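Since this is a predicted model, take the numbers as computed values, not measurements. In what follows, every chain begins at residue 1, and chains take the letters A, B, ... in the order their sequences are listed.
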Number of protein chains: 2
Amino acid sequence: MKGNNDFNSLDLELSQLAKCLSHPARIQIIAILSRHKDRTCKEIVAELPLSQSTVSKHLKDLLEENLICRKLSGTQSLYTLEWNKLERVFTIFERFNKKTMVHRPKRNCC
Amino acid sequence: MKGNNDFNSLDLELSQLAKCLSHPARIQIIAILSRHKDRTCKEIVAELPLSQSTVSKHLKDLLEENLICRKLSGTQSLYTLEWNKLERVFTIFERFNKKTMVHRPKRNCC
DNA sequence: ATAATTTATCGTATTTTTACGATTATACTT
DNA sequence: AAGTATAATCGTAAAAATACGATAAATTAT
C-alpha cells in the first residue's frame, strides 16, 4: 500500500489479515488445510476452480502473511496451516468486535 | 468478481465482508461510527488522512455492503453504523473460526 | 539417460482498487 | 439573489489483484 504511516498499526494489521480472507479461494485453502494436516499444491488445486498457477499465487499470498507454511518433499510442496497465526487472526477480529460492539446501544435504552 | 458460481456462498459472503475490512480507512470509519451514533462526511474526513472524495468512495463501498447507512440532513450526509450487519460480520467470522479451529490438533496428542 | 511429475515463476492481459482534484448539485446563509 | 458549505460524482492516473498459459527447475520413475 501507499502512505500507511498515517494509519495505526492495529488497523493496519487487521486490514492485512482481512485481505487474506478477501478471496474465496484463500478462504477455501485455509479450510482445506484445517481439515487435512498437510496437502500438496496439486491436491489443493484439485479442490479449487482455478488453474495451478493461480492457486500457486494464492498460496504465495498466504505464505507471505505466514498463515500457511511450506515444506518441500521431493518434487512436491506440502502446505500446512499455521495454527498460531490463524488463532491470532481470530484474536484480532475478536478484539475489533469487542472494541466496536461495546458501544452498541442497548435495546431498552432511549 | 468473475466466475464466482464456482465458490460456495458462505465463502463468498465471508470474502465480501473481509474485503470491507481490508482497508484501514474502512476499519477506522466503522470504529468512528461505533463510537459516535452518527457522523457527517466532513467529520469522518477530518479523522482520516485522505481526501474528501476518497473518503466518500470508502463510505460508498461500506454503504453498498450495508455496513453503514446514510441519512440526508440538509446539505450534509449523516452516516450511521448498521449494527445488525456488523454483528452478522462477526457471526460469520466466528463461524469460520469454529469451523477451522475444531480441527486444530491438541497439544497433548501425537 | 530419458521421460514424467510437480510446482514456482514469467509474461501478459484484464479488472479492480485506491487516490486526488475539479466539478456539480443541493441546501443553507446573508 | 448571491454567496457559502457540504458531499457525491466525474475524469483520470497509478497501483494492485486476479487469472491463465507457457516455461523452467527439480525430483522421481522408467
Side-chain angles (χ1 to χ4, degrees), chain A residues 1-7 11-12 14-29 32-33 38-65 67-80, chain B residues 1-7 11-12 14-30 32-33 36 38-65 67-80:
Chain A
M1 276 188 202
K2 234 190 61 175
N4 278 334
N5 302 9
D6 306 322
F7 292 103
D11 287 352
L12 276 175
L14 176 53
S15 67
Q16 283 292 111
L17 297 175
K19 193 171 290 187
C20 287
L21 304 184
S22 73
H23 194 293
R26 290 191 292 268
I27 290 173
Q28 229 182 297
I29 290 172
I32 290 168
L33 293 182
D38 55 27
R39 292 274 99 173
T40 65
C41 177
K42 195 193 184 189
E43 289 170 322
I44 295 167
V45 169
E47 298 207 43
L48 295 178
L50 295 168
S51 75
Q52 184 266 318
S53 60
T54 300
V55 172
S56 232
K57 177 56 163 59
H58 285 301
L59 289 168
K60 193 186 184 190
D61 294 340
L62 292 172
L63 265 176
E64 279 169 0
E65 275 297 323
L67 260 161
I68 63 176
C69 182
R70 177 162 62 128
K71 286 175 284 188
L72 302 178
S73 163
T75 173
Q76 51 198 12
S77 287
L78 282 177
Y79 287 96
T80 56
Chain B
M1 279 187 201
K2 234 192 60 175
N4 278 334
N5 301 9
D6 305 322
F7 292 103
D11 287 352
L12 277 175
L14 176 54
S15 67
Q16 283 293 111
L17 297 175
K19 192 170 290 187
C20 287
L21 303 184
S22 73
H23 194 292
R26 291 190 292 268
I27 290 174
Q28 228 182 298
I29 289 172
I30 292 171
I32 290 167
L33 293 182
H36 284 106
D38 55 26
R39 292 273 100 173
T40 65
C41 178
K42 195 194 184 188
E43 290 169 322
I44 295 167
V45 170
E47 298 208 44
L48 295 178
L50 297 168
S51 74
Q52 183 264 318
S53 60
T54 301
V55 172
S56 233
K57 176 58 163 55
H58 285 301
L59 289 167
K60 194 186 185 190
D61 293 340
L62 291 172
L63 265 176
E64 279 169 0
E65 275 296 323
L67 259 161
I68 62 176
C69 183
R70 175 162 64 127
K71 288 175 285 187
L72 302 178
S73 164
T75 172
Q76 52 198 11
S77 287
L78 282 177
Y79 287 96
T80 55

In whole angstroms, the gap separating P of C:dC20 from CG of B:L48 amounts to 11 Å
Value rounded to 0.5 Å, distance of CD1 in B:I27 from CG in B:L21: 5.5 Å
Would one find a side-chain N or O of A:H58 under 4.0 angstrom from OP1 or OP2 of D:dA17? no
Contacts of type side chain to side chain donor-acceptor pair (under 3.5 Å), residue A:S51, not counting sequence neighbours: A:S53, A:T54
Between C:dT18 atom P and B:E64 atom CD, what is the distance in whole Å? 13 Å
For the residue pair A:L50 and A:V45, what are the closest heavy atoms and their distance? O-CG1, 4.0 Å
How would you summarise protein contacts on nucleotides 3-8 of chain D per nucleotide, using B for base, S for sugar-phosphate only and - for none, with heavy-atom distances below 4.0 Å? --BBBB
Taking only the side-chain nitrogens and oxygens of B:K19, find out if one of them lies under 4.0 Å from OP1 or OP2 of C:dT16. no
Is the shortest side-chain N/O distance from A:T54 to OP1 or OP2 of D:dC20 below 4.0 Å? yes
Need one value for A:L50: base, sugar-phosphate or nothing, where a base atom within 4.0 Å counts as base even if backbone is also close, heavy atoms only. sugar-phosphate
Please report the shortest heavy-atom distance between A:L33 and A:Y79, naming the atom on each side. CD2-O, 3.5 Å
If the plane angle is over 60° it's perpendicular, under 30° parallel, otherwise tilted; pick one for A:H23 and B:F7. perpendicular
For A:K60 and D:dA19, what is the distance between atoms NZ and C1' respectively, to the nearest whole Å? 15 Å
Here the distance between atom P of C:dT18 and atom CG of B:L62, to the nearest Å, is 11 Å
Rounded interatomic separation in angstrom, taking NZ from A:K57 and P from C:dT14: 19 Å
To the nearest angstrom, how far is A:Q28 atom CD from D:dT18 atom P? 15 Å
In whole angstrom, what separates B:H23's NE2 from C:dT17's P? 12 Å
Interatomic distance, A:L72 CG vs C:dT5 C1' [rounded to whole Å]: 15 Å
Checking B:E47 now: which residues fulfil side chain to side chain donor-acceptor pair (under 3.5 Å) with it, not counting sequence neighbours? none
Quick check for you: to the nearest 0.5 Å, what is the distance between A:L17 atom CG and A:L67 atom CG? 6.5 Å
